[in-house]
Amino acid sequence: MAGTGASPLKRAEHFIWLTARVLEQRRFTHHFLGGSADAVETALAAYLHEDGGYGHALEPDLRGPASQPLHTAHALSVLDSIGRCSGLRVERICRFLTEVSTTEGALPALLPSQRGYPAAPFIPIVDNPPAELLATGPVVGLLHRNAVWHAWLFRATDFCWAAVDALEKSHPYEIEAAVAFLDGAPDRARAEAAADRLGRLVREQRLAVLDPERRAEHPVAAGYAPGEQHFPYDYARTPESLARRWFTDEELERSLDHLAAEQQADGGWPVNWRQWAPGTALEGRPLVTLKALLTLRAHGRSLG
């Protein structure tokens, strides 16, 4: 067992072995212990359906077997992180995305096939769900970053540009999705201009806590849980992100200090969104822990 004097990474490793699903254990091993990408992909395959989508609570807030866009986006992010976002595996995913897209050619957050299975109460199930930047932006940006070519991307990219250009009053998760799209969009000049506008919007609408010691003074977005606030690192997960330009060095470093300090006594990081079932919170914490470790490392913080 990792003691209180152990390094942040060693404490997190103990937490991962204690609580995480096999997939997150394999991901941790790959990113921090030299484990193979093959092992990660094998664990991810357990969530794959014959239709090319992913289900079985890969995204913990959606339970049950049904293939869903949010599960599939999660799978793509895992494949991207291990350098496997190419070939037949992604062709199959793009066919699924084509099948489940709306008339605009973009993705809804949740398909009606979720009905009858448990799901977070803050993700509504409707019969004709609209296309959303929240679901589409990260997928489109990731595929472009990996130089994937597929017919689905044409209309989906147009949808994302229109959605980003129309953003006026927003909330943190939607901004994160917009950044994920812009970081991969092929038209870099347009992406930089759009990101500059969004950065001003984030500051004007106070969508980022710039001083963690004064976080109580920052509003929480409508529908979010108490304390479900966002910080500069939530938008700029890597120094290369366009969102990095939104914050001064001091603002970013303060937020990274806050992130590092959020590690709990058991070695894991907490979830700050609404916890609606014990199992989802348990499965969510290793995901948050991995994201925290990768963010800190990307910004040059020592994990010990």
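All residue numbers in this chain count up from 1 along the given sequence. Scope of the values below: all heavy atoms of this structure, side chains included, with no hydrogens, waters or symmetry mates.
At least one side-chain heavy atom of Pro129 sits less than 4.5 Å from a side-chain heavy atom of Val126. Put simply, the side chain of Thr289 does not reach to within 4.5 Å of the side chain of Thr19, judged on heavy atoms. Contact annotation: the side chain of Leu110 never approaches that of Leu70 to less than 4.5 Å [non-hydrogen atoms, C-beta and beyond]. Side-chain contact check for Glu41 versus Arg89: some heavy-atom pair is nearer than 4.5 Å. Side-chain contact between Lys10 and Leu303 is absent, with no heavy-atom pair separated by less than 4.5 Å. Between Glu176 and Arg237 there is no side-chain heavy-atom pair separated by less than 4.5 Å. With a 4.5 Å cut-off on side-chain heavy atoms, Arg285 and Gln264 count as touching. Put simply, the side chain of His56 reaches to within 4.5 Å of the side chain of His49, judged on heavy atoms.
The pair Arg92-Asp51 fails the salt-bridge criterion, with no side-chain N (NZ, NE, NH1 or NH2) lying under 4.0 Å from an Asp/Glu carboxylate O. Between Arg203 and Glu251 there is a salt bridge, since a side-chain N of the basic residue sits under 4.0 Å from a carboxylate O of the acidic one. Under a 4.0 Å N-O distance rule, the pair Glu240/Arg145 does not qualify as a salt bridge. The pair Arg95-Glu91 counts as a salt bridge, with a side-chain nitrogen and a carboxylate oxygen less than 4.0 angstrom apart. With respect to the salt-bridge test (charged N to carboxylate O, under 4.0 angstrom), the residues Arg21 and Glu24 qualify. Between Glu253 and Arg301 a salt bridge is recorded (basic side-chain N to carboxylate O distance below 4.0 Å).
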Start with the C-alpha distance between Val100 and Leu107, add both sets of side-chain angles, then the distance that settles side-chain contact (heavy atoms from CB on, under 4.5 Å), and finish with yes or no.
CA-CA 7 Å; Val100 301; Leu107 298 173; 3.9 Å; yes
Ring pair (Phe, Tyr, Trp, His ring centres under 6.0 Å), that's the test. Do His258 and Phe231 meet it? Break it down for me.
CA-CA 9 Å; His258 170 74; Phe231 298 81; 4.4 Å; yes
Please determine whether ring pair (Phe, Tyr, Trp, His ring centres under 6.0 Å) holds for the pair Trp161 and Phe181, giving the CA-CA distance in whole Å, both sets of side-chain angles, and the decisive distance to 0.1 Å.
CA-CA 9 Å; Trp161 276 125; Phe181 166 67; 5.0 Å; yes
Check against side-chain contact (heavy atoms from CB on, under 4.5 Å), Arg244 and Leu252:
CA-CA 8 Å; Arg244 173 62 185 87; Leu252 180 65; 3.1 Å; yes
side-chain contact (heavy atoms from CB on, under 4.5 Å) between Ile93 and Leu79, worked out:
CA-CA 11 Å; Ile93 288 173; Leu79 291 171; 4.0 Å; yes
Would Thr98 and His150 count as a side-chain contact (heavy atoms from CB on, under 4.5 Å) if you check the C-alpha gap in whole Å, the side-chain angles of each, and the deciding distance to 0.1 Å?
CA-CA 10 Å; Thr98 302; His150 192 275; 3.6 Å; yes
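Transitive grouping of hydrophobic side chains (ILVMFWY, heavy atoms separated by less than 4.5 Å) keeps Val220 and Leu207 in distinct clusters. Both Leu23 and Leu142 belong to a single network of hydrophobic side chains, linked directly or stepwise wherever heavy atoms of I, L, V, M, F, W or Y lie under 4.5 Å apart. Note: the hydrophobic cluster containing Phe247 does not contain Val209 (ILVMFWY, side chain heavy atoms under 4.5 Å, direct or indirect links). Note on Phe122 and Tyr224: same hydrophobic cluster, where clusters join Ile, Leu, Val, Met, Phe, Trp and Tyr whose side-chain heavy atoms are under 4.5 Å apart, directly or indirectly. When the side chains of ILVMFWY residues are joined at heavy-atom separations under 4.5 Å, either directly or via intervening members, Leu242 and Tyr233 end up in two distinct hydrophobic clusters.
Side-chain atoms of Thr238 never come within 3.5 Å of backbone atoms of Ala298 as a donor-acceptor pair (strictly under, hydrogens ignored). Here the side chain of Gln25 pairs a donor or acceptor atom with the backbone of Ala20 at under 3.5 angstrom. For Gln68 (side chain) and Leu111 (main-chain N/O), a donor-acceptor pair under 3.5 Å exists by modelled atom type. Of the possible donor and acceptor atoms, none in the side chain of Ser170 sits under 3.5 Å from a partner among the backbone N and O of Leu167. Side-chain N or O atoms of Arg254 include none that pairs as donor or acceptor with a backbone N or O of Pro212 at under 3.5 Å. At least one donor-acceptor pair under 3.5 Å links the side chain of Arg206 to the backbone N or O of Glu217. For the pair Glu283 (side chain) and Asp61 (backbone), a donor-acceptor distance under 3.5 Å is absent. Although no hydrogens or angles enter the test, the distance criterion places a donor-acceptor pair under 3.5 Å between the side chain of Arg155 and the main chain of Thr103.
Minimum heavy-atom separation, Ala178 to Val164: CB-CG2, 4.1 Å. Taking all atoms of both residues into account, the shortest heavy-atom contact from Cys94 to Leu143 is SG-CD1, 4.0 Å. Nearest approach of Gln263 to Ala12, heavy atoms of both residues: NE2-N, 3.6 Å. Contact detail for Gly53 and Leu48: the closest heavy-atom pair is O-CD1, 3.5 Å. For Pro138 against Ala177, the heavy-atom pair with the smallest separation is CD-CB, 3.8 Å. Taking both residues in full, the closest heavy atoms of Pro60 and Gly284 are given as CG-N, 4.4 Å, listed atom of the first, atom of the second, then distance.
Donor-acceptor pairing under 3.5 Å is recorded for the side chains of His144 and Thr157. There is no side-chain donor-acceptor pair under 3.5 Å between Thr248 and Glu250. There is no side-chain donor-acceptor pair under 3.5 Å between Trp246 and Asp196. A donor and an acceptor atom, one from each side chain of Glu59 and His74, are located under 3.5 Å apart.
Ring geometry for Tyr235 versus His230: interplanar angle of 30 to 60°, hence tilted. Phe28 and Phe32 have tilted rings, their planes meeting at an angle from 30° to 60° on a 0 to 90° scale.
Atom SG of Cys160 is separated from atom CG of Leu182 by 9.0 Å, given to the nearest 0.5 angstrom. To the nearest 0.5 Å, atom OG1 of residue Thr295 and atom CG of residue Leu256 are 8.0 Å apart.
Around CG of Asp165, the count of heavy atoms belonging to other residues, nucleotides or ligands within 6.0 Å exceeds 12. When the shell of 6.0 Å around CZ of Arg188 is examined, it contains more than 12 heavy atoms from other residues, nucleotides or ligands. Heavy-atom neighbours of Arg27 CZ from other residues, nucleotides or ligands within 6.0 Å: above the threshold of 12. For Leu88, the CG atom is loosely surrounded, since the number of other residues' heavy atoms within 6.0 Å does not exceed 12. Annotation for Tyr117: atom OH does not count as buried by contact number, only 12 or fewer foreign heavy atoms lying within 6.0 Å.
Put simply, the residue from Asp38, Val90, Asn146, Val78 that forms a side chain to side chain contact (heavy atoms under 4.5 Å, CB included) with Arg84 is Asp38.
The six-membered or imidazole ring of Phe96 lies away from that of Tyr54, with a centre-to-centre distance of 6.0 Å or more. Taking the centre of each ring, Phe15 and Trp269 stay at or above the 6.0 Å mark.
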